[in-house]
Amino acid sequence: MADLEPKAPSDFLRTIVANDVKAGTHGGSVITRFPPEPNGYLHIGHAKSICINFGIAQEFGGRCHLRFDDTNPCREEDEFVEGIKDDVRWLGFDWGEHQYFASDYFDQLYAWAIQLIKEGKAFVCDMSGEEISASRGRASAAGTESPWRNRSVEENLDLFERMRNGEFDEGSKTLRAKIDMASPHLQLRDPVMYRILKASHHRTGDTWCIYPMYDYTHGQSDSLEKITHSICTLEFSDHRPLYDWYIQALGIFPSHQYEFARLNMTYTALSKRRLKGLVDEGVVTGWDDPRMPTLAGMRRRGYTPEAIREFCKRIGVAKADSMVDFALLEFCLREDLNKRASRYMAVLDPIKVVIDNYPEGQVEHLEAVNNPEDPGAGARQVPFSRELYIEREDFMENPPKQFFRLAPGREVRLRYAYFITCTSAVKDADGNVTELHCTYDPASKGGNSPDGRKVKSTLHWVSAAEAVDAEVRLYDVLFAKENAMEVEEGKTWQDNLNPNSLTVVNNAKIEPALARLGSTAAVQFERLGYFCLDTDTTEARPVFNRTVTLRDTWAKAQQASG
RNA sequence: UGGGGCGUAGCCAAGUGGUUAAGGCACCGGUUUUUGGUACCGGUAUGCGUUGGUUCGACUCCAACCGCCCCAGCCA
């Protein structure tokens, strides 16, 4: 029977957790946490972490805390905490009552610092940043001890209190842990615990002018919340000895840290610093620019949380550095959108078609299926008349052998309408085709001819008189290079930006039903891709974002043949 | 060159001494189709960084070597 069960997703983290639960560690409880710093918006890389942390907690009957790691008042803002909460909720996760801030623990952390001073495990150091850096030593050579390392407990206590009281200038003193200046682990060479920062904090205001460092905060925060598995990315591996040192020195609940490889994806940048740069330099319109890999941007672009969660499931979790193919994300998106998106017709690059044998002034309403993947989605009426628009690229005057679409003398089907045959193409003085003349077969109404004859192609179309004008924004990858961070000699990562990441179509023609949408839910423009209404939409003018194109084997074949 | 990690197909990734080395994406064929979409079928590692060793048997154990990533913020 067991063989018939679907295999549980297996990765090294779940294996560790499962073993702990089995062994009864911490009474079998599983508590994880997602700990963003509120200094920017979340991106798809954070989504991986969120899915791991909340996912594991869910699977093992535990819980996941949302904790804001707000120990640096210079960079953190309330705007970001609200944005982060929106994003986590949107992704589909719920932290319940368990929302915390590292700043909630400032008093406790301060008390613990005094405890460590009293035990001779911490001291106030008067060295400047440069001096500390210089004395840390080389990777292969021991550092040198601070001349202030052996101050008396009383003096340390006094100085630390006066640091807190604001008696000293920023940068003039720090509280450091007294560990080992010769440790092969650089993090253990008397790391700074507290620095003086005369900045007001987004939550504690001006209560403090000394702030704890990440290393002195994170493990204890985990410990206070009884976090059993503190899961973070690989670059924190080096911090684990220090994480453990503080917990041991303090004798508090033994949370443990585990690390996995952060997400990298082709044609994109996933570092808050880089993304912030794009926002600040105006390369994109904001954190929610639909080209951004931020959750806010992806949401606006039309990505669904289901697609992102599926992507996170499929990429797996491991410790090897990796670069995930962007195509996998698009696959997950299309897979989800295909099931849920209602179909409509819209023409992005219109060329007029006149059906010469269709009665002038007549309008028929033809039934169109809303979603062939979902019978429950019903059908709608689409107006058809003598003058229509079709996609310019669906006609070729001298088509190559593999081109199945409209051409002089050729018959094709207009989706849900009629078979039409092209009789002539009107051109302007420069030889550009400006209008097509066709005839239709009245017997083929709905899209099938009674004599059973076949056509090789079905085109989307919009009736000219009833068409509504719309703006459509077409997006492409933000970076032109597969590895966005691979910089050529003498260039910067900004040089890797894709100059064509945004194309605005100002004169798209959409069917009337699309103009009445009133929802930002995903729709499919038949044969073109998935789209959604953008927040820039006004009463007067709909604005659509192209979420992702449909798979297009024809375009691919063309590209391949040059 | 100190420390911490990692190397299985183009990209992810299972595999923990005995299986024809899972699965997905991408790619290549084909079937169905009123979306050149979807769905479905099939193909794609004599090989697991390299070289030795242990063993009846190694992707799995051992050794050496090679390569890549991270760490010297009073950032997180």
Side-chain angles (χ1 to χ4, degrees), chain A residues 7 9-11 15 35-37 39 69-72 74-76 125 127-129 132-134 136-143 170-176 183-189 191-197 210-211 213-215 217-218 232-241 259 261 266 272-273 311 313-332 334-335 338-339 343 345 368-369 372-373 402-405 413-417 419 446-448 455-460 482 524-529 549-557:
Chain A
K7 259 190 192 161
S10 153
D11 60 63
T15 302
E37 181 187 12
N39 69 340
D69 229 327
D70 56 350
T71 58
N72 187 342
C74 310
R75 316 201 307 182
E76 294 143 8
C125 180
M127 291 201 290
S128 68
I132 289 181
S133 177
R136 190 140 29 218
R138 297 260 147 206
S140 51
E170 273 190 22
S172 63
K173 282 181 168 50
T174 57
L175 183 72
R176 293 226 261 163
S183 172
H185 304 283
L186 271 3
Q187 322 287 340
L188 259 27
R189 322 250 259 223
V192 171
M193 293 164 60
Y194 273 92
R195 75 286 214 188
I196 299 169
L197 251 25
I210 57 171
Y211 290 92
M213 298 288 291
Y214 165 84
D215 286 305
T217 306
H218 202 89
C232 61
T233 46
L234 244 31
E235 63 270 27
F236 290 98
S237 301
D238 292 328
H239 298 243
R240 191 171 357 102
E259 311 89 12
T266 55
K272 257 192 223 169
R273 204 194 108 223
F311 171 74
K313 186 186 291 178
R314 289 187 188 231
I315 56 178
V317 188
K319 299 189 76 160
D321 292 318
S322 62
M323 174 82 76
V324 174
D325 192 339
F326 184 72
L328 179 59
L329 215 210
E330 292 202 321
F331 171 85
C332 295
R334 292 188 184 110
E335 180 182 55
N338 177 50
K339 288 179 296 189
R343 274 62 169 169
M345 290 194 285
V369 170
E373 306 297 321
Q402 291 309 307
F403 186 85
F404 303 152
R405 281 108 98 145
R413 171 168 41 230
L414 292 180
R415 185 114 157 118
Y416 299 124
F419 282 12
N448 284 304
V455 288
K456 293 200 81 172
S457 177
T458 300
L459 307 185
H460 61 278
E482 222 180 56
Q524 185 192 103
F525 290 2
E526 295 230 20
R527 303 208 305 136
L528 296 176
T549 62
L550 252 30
R551 216 168 137 253
D552 189 346
T553 50
W554 166 243
K556 199 166 288 176

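Naming: A, B, ... by sequence-line order, numbering from 1 per chain.
Taking for each of A:Arg413 and A:Arg551 the nucleotide of RNA chain B with the nearest heavy atom, the 5'-most of the two is the partner of A:Arg413. Map A:Leu528 and A:Ala261 each onto its nearest nucleotide of RNA chain B; the residue landing nearer the 5' end is A:Ala261.
The aromatic ring centres of A:Phe326 and A:Phe331 sit 6.0 Å or more apart.
One donor-acceptor pair, N or O on each side, does fall under 3.5 Å between the base of B:U35 and the side chain of A:Gln524.
Within the 4.0 angstrom heavy-atom criterion, only backbone atoms of the sugar-phosphate kind lie near A:Lys556; the bases stay farther away. Nucleic acid contact for A:Val317: sugar-phosphate only, since backbone atoms but no base atoms lie under 4.0 Å from a heavy atom of the residue. Residue contacts shown for A:Arg405 include a base, since a base heavy atom lies under 4.0 Å away. The residue A:Ile315 sits close only to the backbone: its heavy atoms come under 4.0 Å of sugar-phosphate atoms, none of a base. Using a 4.0 Å heavy-atom distance criterion, A:Phe403 is classed as a base contact.
Here the CG-NE2 distance, from A:Asp238 to A:His185, works out to 8.5 Å after rounding to the nearest 0.5 Å. With values rounded to the nearest 0.5 angstrom, A:Leu186 atom CG is found 10.5 Å from A:Arg138 atom CZ. Here the straight-line distance linking atom CG of A:Asp215 with atom NE2 of A:His239 works out to 5.5 Å at 0.5 Å rounding.
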Protein heavy-atom contacts under 4.0 Å, written 5' to 3' over nucleotides 69-76 of chain B as B (base), S (sugar-phosphate only) or - (none), form the string SBBBSBBB
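Look at B:G42: its glycosidic torsion is beyond 90° from 0, and that puts it in the anti range. Nucleotide B:G7 carries an anti base; the chi torsion (O4'-C1'-N9-C4 or O4'-C1'-N1-C2) is more than 90° from 0.
Using a cut-off of 4.0 Å between Lys/Arg side-chain N and Asp/Glu carboxylate O, A:Arg334 and A:Glu330 are scored as salt-bridged. Under 4.0 Å is where a charged nitrogen must lie from a carboxylate oxygen, and between A:Glu37 and A:Lys272 no such pair does.
Taking only side-chain nitrogens and oxygens, A:Arg314 never comes nearer than 4.0 Å to OP1 or OP2 of B:C12. In this model, the phosphate group of B:G3 is not approached by any side-chain N or O of A:Ser183 to a distance below 4.0 Å at OP1 or OP2.
Taking the side chain of A:Ala320 as heavy atoms from C-beta on, and the options B:A26, B:U1, B:C6, the nearest nucleotide is B:C6. When the nucleotides B:G36, B:A14, B:G2 are ranked by their closest atom to the side chain of A:Ser10, B:A14 comes out on top. Checking B:G37, B:G24, B:G5 against every side-chain atom of A:Asn338, the shortest atom distance belongs to B:G37. Listed nucleotides B:U35, B:A13, B:C12 differ in distance to A:Arg343; the shortest reach to its side chain belongs to B:U35.
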Each base of RNA chain B marked ( ) or [ ] if paired in-strand (Watson-Crick or G-U under 3.5 Å), | if paired to another strand and . if unpaired gives .(((((((.[[[..)..(....]]].(((((.......))))).....[[[[[..)....]]]]])))))).....
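Taking atom P on both nucleotides, B:G37 is separated from B:C27 by 12 Å, rounded to a whole Å. Going from the P atom of B:C41 to that of B:U46 covers 26 Å, rounded to whole Å. Distance check on atom C1': B:G2 versus B:G17 gives 35 Å, rounded to whole Å.
Of the residues listed (A:Arg343, A:Arg415, A:Glu526, A:Arg527), the one engaging A:His460 in a side chain to side chain donor-acceptor pair (under 3.5 Å) is A:Arg527, and it is the only one.
Without hydrogens or angle criteria, A:Asp325 side chain to A:Leu328 main chain gives no donor-acceptor distance under 3.5 Å. A donor-acceptor pair is defined here as one N or O able to donate and one able to accept, closer than 3.5 Å; such a pair exists between the side chain of A:Arg413 and the backbone of A:Gly447.
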